[in-house]
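Just so you know, these numbers come straight off a predicted model, no measurement behind them.
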Amino acid sequence: MEHLTSGSCLGSCLCGAVRFHIHGAFESFFLCHCARCRKDSGSAHAANLFSTQAEIEWLTGRDRVKSFQLPETQHVKSFCTDCGSALPTLRMDGALLVVPAGALDSEIPIRPTARICYASRAAWTDAIETAETIDGLPG
């Protein structure tokens, strides 16, 4: 992973069509266990960084970024139309930048702040800590 100066991160989608640069610091890093975040991440939780001060600069592929808002909610997911990777989104009329942690190619400058909506977690989440760890693919 590339490490840039404090308050600066690079990111991209899986296929590389979309690349972006975040200028500014993140204020929080939440792991959300709600059912909506589990659905759109396909995992135990979403891992998103939040900032009211940082700005995003789209380096390539801005035209390949699509956003989906779940009707009658504030739940929004932005993604690459080519590979489906989660990508940053601006919320609250541009006042809040939300960046999926997995979309960053640079080292993440802060540690997770909190596990939120933890009471909503999937029952199997508690078994993760006891699962075997394998450095690579099984078999």
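Looking at every heavy atom in both residues, Ala127 comes nearest to Thr130 through O-OG1, 3.0 Å. Taking each heavy atom of Gly61 and Val18 in turn, the nearest pair found is O-CG2, 3.5 Å. Closest non-hydrogen pair, Cys83 versus Cys80, comes out as N-SG, 3.5 Å. The two residues Ser51 and Ala25 come nearest to each other via the heavy atoms OG-O, 2.7 Å. Between Ala44 and Ile128, the shortest heavy-atom distance links the atoms CB-CD1, 4.0 Å.
Salt-bridge formation is not detected for the pair Asp105/Arg19: no Lys NZ or Arg NE/NH1/NH2 atom is positioned less than 4.0 Å from an Asp or Glu carboxylate oxygen.
A distance-only check finds a donor-acceptor pair linking the side chain of Arg38 to the backbone of Ser120 [under 3.5 Å]. Side-chain N or O atoms of Arg111 include none that pairs as donor or acceptor with a backbone N or O of Phe29 at under 3.5 Å. Of the possible polar contacts, one joining the Thr60 side chain to the Ala17 backbone as a donor-acceptor pair under 3.5 Å is found. Under a 3.5 Å cut-off, the side chain of Thr81 and the backbone N or O of Arg64 do form a donor-acceptor pair. Checking side-chain atoms of Ser78 against main-chain N and O of Ser67 turns up no donor-acceptor pair under 3.5 Å.
At least one side-chain heavy atom of Pro100 sits less than 4.5 Å from a side-chain heavy atom of Pro88. Taking 4.5 Å as the limit, every side-chain heavy atom of Arg121 sits out of range of all side-chain heavy atoms of His45. Contact annotation: the side chain of Cys37 never approaches that of Cys117 to less than 4.5 Å [non-hydrogen atoms, C-beta and beyond]. The shortest side-chain heavy-atom distance between Gln74 and Arg91 falls under the 4.5 Å cut-off. Residues Leu104 and Leu49 are in side-chain contact: their nearest non-hydrogen atoms beyond the backbone lie under 4.5 Å apart. Contact annotation: the side chain of Lys77 never approaches that of Thr89 to less than 4.5 Å [non-hydrogen atoms, C-beta and beyond]. The shortest distance between side-chain heavy atoms of Val99 and Phe26 falls below 4.5 Å. Counting only heavy atoms from C-beta outward, the side chains of Trp124 and Asp126 never approach each other to under 4.5 Å.
Clustering ILVMFWY residues whenever any of their side-chain heavy atoms sit less than 4.5 angstrom apart, transitively, puts Ile110 in the very cluster that holds Ile56. No path of Ile, Leu, Val, Met, Phe, Trp and Tyr side chains, each step under 4.5 Å between heavy atoms, connects Phe79 with Val65, placing them in separate hydrophobic clusters.
In this structure, the separation between CG on Leu59 and CG on Leu10 is 7.0 Å, given to the nearest 0.5 Å. Note that SG of Cys13 and CG of Asp82 are 7.0 Å apart. Values are rounded to the nearest 0.5 Å. The CG atom of Leu97 lies 11.5 Å from the CD atom of Gln53; values are rounded to the nearest 0.5 Å. For the atom pair Leu87 CG and Lys66 NZ, the distance stands at 13.5 Å (nearest 0.5 Å).
In this structure, a donor-acceptor pair under 3.5 Å is absent between the side chains of His33 and Thr125. Judged purely by distance below 3.5 Å, without hydrogens or angles, the side chains of Thr113 and Ser28 never pair a donor atom with an acceptor atom. Between the side chains of His75 and Gln69, no donor-acceptor pair is found at a separation under 3.5 Å.
Ring centroid separation for the pair Phe50 and Phe30 comes in under the 6.0 Å cut-off.
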